[in-house]
Amino acid sequence: DVKVTQSSRYLVKRTGEKVFLECVQDMDHENMFWYRQDPGLGLRLIYFSYDVKMKEKGDIPEGYSVSREKKERFSLILESASTNQTSMYLCASSLEGAGGTEAFFGQGTRLTVV
Amino acid sequence: GENVEQHPSTLSVQEGDSAVIKCTYSDSASNYFPWYKQELGKRPQLIIDIRSNVGEKKDQRIAVTLNKTAKHFSLHITETQPEDSAVYFCAATNFGNEKLTFGTGTRLTIIP
């Protein structure tokens with residue numbers, strides 16, 4: 001059973017703080033993704049990674065960076081948190097191959113920036 | 001990059017009737033089209049998917065159709081039940097880098 005685990009369910013941070021969101025998967029998946037979910041806007045891709053140390057920008061990368069030092073772990077970094085980054089953040093992973101496979105999601109981190 | 005549009009944003013259907021959600025995509029390099037269901041407070045989960053070499057796929061009460069020429073695909077739910085109430089997301093995956101792009105979601109409400 002695939003497990004994708006995000007380090008925090010709820011997080012409250014102050015404006016200007018550096019914030020780390022961690023995601024770990026236990027199924028040896030090559031692909032990992034970070035999305036933010038906002039009402040009416042769906043799931044918007046921030047960054048994704050298809051291999052260790054490899055990353056690609058998604059549709060809304062501004063204000064974020066990522067790190068993938070190990071295959072199982074994908075971190076999202078908010079360099080200087082702002083109130084407009086208050087959102088639900090979802091991590092996902094998928095097996096590489098055939099141009100796409102099922103993505104498995106973490107439980108989400110609701111981040112509030114005050 | 002890929003752009004996935006999804007309609008409608010909300011849909012209310014009488015229990016037992018059918019529901020249809022439609023999506024269009026822009027990148028002809030996309031070849032894998034999954035649908036996810038997200039119940040309130042839970043994570044999205046895959047319910048059905050289709051690849052570009054297939055026109056239709058069914059799994060019990062749900063089906064997906066794909067028109068590659070027109071770049072649109074649809075989710076069909078028949079004999080709807082209260083447990084079908086959820087937010088549904090369509091998505092498209094780029095064949096080259098497997099970037100997964102989602103639509104904006106459809107909130108489906110089944111009226112008992």
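Quick note on labels: first sequence line is chain A, next is B, and so on, each numbered from 1. Since the model is a prediction, treat every value here as computed from it, not as a measurement.
For A/Arg9, the part sitting under 4.5 Å from any heavy atom of chain B is the side chain, from C-beta outward, and nothing else. Contacts between B/Gln38 and chain A at a heavy-atom distance below 4.5 Å involve the side chain alone, from C-beta outward. Only the side chain of A/Leu90 comes within contact range of chain B, with at least one heavy atom under 4.5 Å from a heavy atom of that chain. Both the backbone and the side chain of A/Phe105 come within contact range of chain B, each with at least one heavy atom under 4.5 Å from a heavy atom of that chain. Looking at B/Pro44, both its backbone and its side chain come within 4.5 Å of chain A, counting heavy atoms on both sides. In this structure, chain A has a heavy atom under 4.5 Å from the side chain of B/Tyr36, while its backbone stays farther away. With a 4.5 angstrom heavy-atom cutoff, B/Asp49 does not touch chain A via any of its atoms. Of the atoms belonging to B/Arg51, it is side-chain heavy atoms, and not backbone ones, that fall under 4.5 Å from chain A.
Residues B/Arg107 and B/Thr10 have side chains that never bring a donor and an acceptor to within less than 3.5 angstrom of each other. No donor-acceptor contact under 3.5 angstrom links the side chains of B/Asn3 and B/Ser26, judged on distance only. In this model, no donor atom of one side chain and acceptor atom of the other lie less than 3.5 Å apart for B/Thr24 and B/His72. A/Asn31 and A/Glu96 are not linked by any side-chain donor-acceptor pair at a separation below 3.5 angstrom, with hydrogens and angles left out of the test.
Counted within 6.0 Å of CD on B/Glu83, heavy atoms from surrounding residues, nucleotides or ligands total more than 12; the atom is thus considered enclosed.
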Residues A/Asp51, A/Lys71; criterion salt bridge (charged side-chain N to carboxylate O under 4.0 Å, His left out); working and verdict: CA-CA 7 Å; A/Asp51 202 351; A/Lys71 192 175 185 180; over 6 Å; no
